[in-house]
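This report refers to the structure that appears directly beneath it.
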Amino acid sequence: MSEKMQVTRELFNDVMVPNYAPSNIIPVRGQGSRVWDQNDNELIDFAGGIAVNCLGHCHPALVTALTEQANKIWHLSNVMTNEPALRLAKKLTDATFADQVYFANSGAESNEAALKLARRWALDNYSSDKDQIIAFNQGFHGRTFFTVTVGGQAAYSDGFGPKPGAITHVDYNDLEAFKAVISDKTCAVMIEPLQGEGGLVSPTSDFIKGVRALCDQHNALLIFDEVQTGVGRLGSLYAYMDLGVTPDIMTTAKALGGGFPIGAMLTTKAIAKSLKIGTHGSTYGGNPLACAVAEAAFDTVNTTEVLDGVKAKEALFRAGFAAINAKYNVFTEVRGKGLLLGAVLNEQYQGRARDFMVAAADEGLMALVAGANIVRFAPSLVIPDADISEGMARFEKAVAKIVNA
Ligand SMILES: *Cc1c(COP(=O)(O)O)cnc(C)c1O
């Protein structure tokens with residue numbers, strides 16, 4: 001191996017645009033739910049690369065799929081199709097409501113495709129004034145200009161000039177407010193079946209069923225953004241399967257590739273036909289390497305063993321948080337479902353989620369935040385129970401440090 005330049009955290013400030021504020025720790029390798037930094041300090045991973053690493057780090061099934069495909073063919077573009085993409089599409093459609101798939105490289109791109117498809121579908125089947133898109137305050141759908149505008153956080157979409165139009169926001173779980181804005185001019189409703197970035201907010205059953213019924217009443221497409229909730233994260237393959245509500249379009253990314261960038265938009269044949277030849281596309285979408293890894297991840301996650309395991313591990317996490325809270329009294333509640341959980345800080349610790357995340361890292365635990373008041377956890381779906389208890393012990397030390405400071 002050739003001699004490589006020495007890399008330090010300071011280099012980030014010199015050579016990277018300043019849109020992120022990464023930790024001072026630079027991980028260099030991982031195995032399962034453990035990660036090691038440049039100095040060989042070990043960390044337990046309760047963050048999962050923001051709900052991406054569904055099978056932890058360097059899972060053997062994924063390493064095998066990637067290296068086998070790496071020795072066959074890497075990239076073709078959509079001028080030619082490829083075997084891994086078609087196999088993955090077949091498995092996704094067999095396992096879900098959908099008949100057809102569009103591949104992208106990220107969650108935002110998958111949502112962009114869904115929104116563009118919805119507008120085309122409305123134009124093809126109705127008229128140009130059926131263009132309204134309804135979405136929800138605090139929602140998150142990605143960072144392209146269309147998706148960030150549909151997302152319900154003005155702080156992310158302001159400051160870039162004129163926004164895409166005909167987008168309306170209402171509060172999540174407020175069926176009356178939703179009812180007041182939907183009409184025959186609504187072309188689509190984009191919603192997360194559990195708000196992730198917005199604070200681990202679960203939909204009430206009446207709300208999500210009411211949204212479906214009103215979409216049907218007004219011939220509007222219901223788009224489920226399952227970028228964060230999909231691929232087993234909540235204990236079912238996709239969150240919609242547990243809600244008793246089927247969307248018309250669904251997007252999936254994050255855990256889909258288990259750490260390799262890929263996203264997908266899934267829908268029915270009747271809707272898909274509006275994406276005629278040439279209407280939309282992507283150079284990398286459906287790339288053989290990404291699809292080969294995603295197929296292996298999908299096969300591994302889509303088993304009762306792993307999905308039931310998520311529910312069992314959720315119980316361990318909840319018990320761990322309850323024990324810590326009984327001692328230190330820092331949370332009001334633990335929100336979320338499956339292995340997407342958020343510990344909500346109480347009055348005394350408002351605005352300090354990041355402090356908890358940093359303190360956890362100091363104790364050798366990778367955690368996340370969701371806004372200023374929630375410490376978020378999105379570990380591997382197959383994290384060993386022993387790593388959960390060791391991680392909890394480290395989290396307790398971090399909490400104790402903050403409480404006793
Ligand atoms: C992360 C996320 C996205 C954006 O995905 P990217 O891969 O970062 O583009 C979109 N929707 C939801 C619900 C997400 O959690």
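Counting convention: from 1, in listed order, for ligands and their atoms alike.
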Q: Carefully, step by step, assess Asp206 and Thr204 under the rule side-chain hydrogen bond (donor to acceptor under 3.5 Å, both in side chains).
A: CA-CA 5 Å; Asp206 285 353; Thr204 64; 5.9 Å; no

Q: Could you pull out, from Asp225, Ile262, Thr251, Asn105, the option with a heavy atom nearest to atom 13 (C) of ligand 1?
A: Asp225

Q) When you measure from atom 7 (O) of ligand 1 to each heavy atom in Ala253, Gly107, Gly196, which option holds the nearest one? A) Gly107

Q.
Heavy-atom distances under 4.0 Å decide this one: backbone, side chain, both or neither, for Asn111 against ligand 1?
A. side chain

Q. Should we count CZ of Phe207 as having more than 12 external heavy atoms under 6.0 Å?
A. yes

Q. Quick check: does Phe140 get an N/O under 3.5 Å from an N/O on ligand 1?
A. yes

Q | Ring centroid separation Phe395 to Phe377 under 6.0 Å | A | yes

Q.
Give me the nearest non-hydrogen protein atom to atom 10 (C) of ligand 1 as residue plus atom name, then the distance to 0.1 Å.
A. His141 C, 3.3 Å

Q. Which residue from Gly142, Gly257, Ala104, Gly139 reaches closest to atom 4 (C) of ligand 1 through any of its heavy atoms?
A. Gly142

**Q.** Lys254 contact mode with ligand 1 (heavy-atom cut-off under 4.0 Å)
**A.** side chain

Q: Examine Tyr328 together with Tyr349 and report whether their ring centres are nearer than 6.0 Å.
A: no

**Q.** Distance-only N or O hit between ligand 1 and Ala108, under 3.5 Å
**A.** yes

Q) Quick one: does atom 15 (O) of ligand 1 have a protein heavy atom under 4.0 Å from it? A) yes

Q: Identify whether the distance between the nearest side-chain nitrogen and carboxylate oxygen of Glu314 and Arg318 falls below 4.0 Å.
A: yes

Q: Could you tell me whether Phe46 and Phe317 have their ring centroids closer than 6.0 angstrom?
A: yes

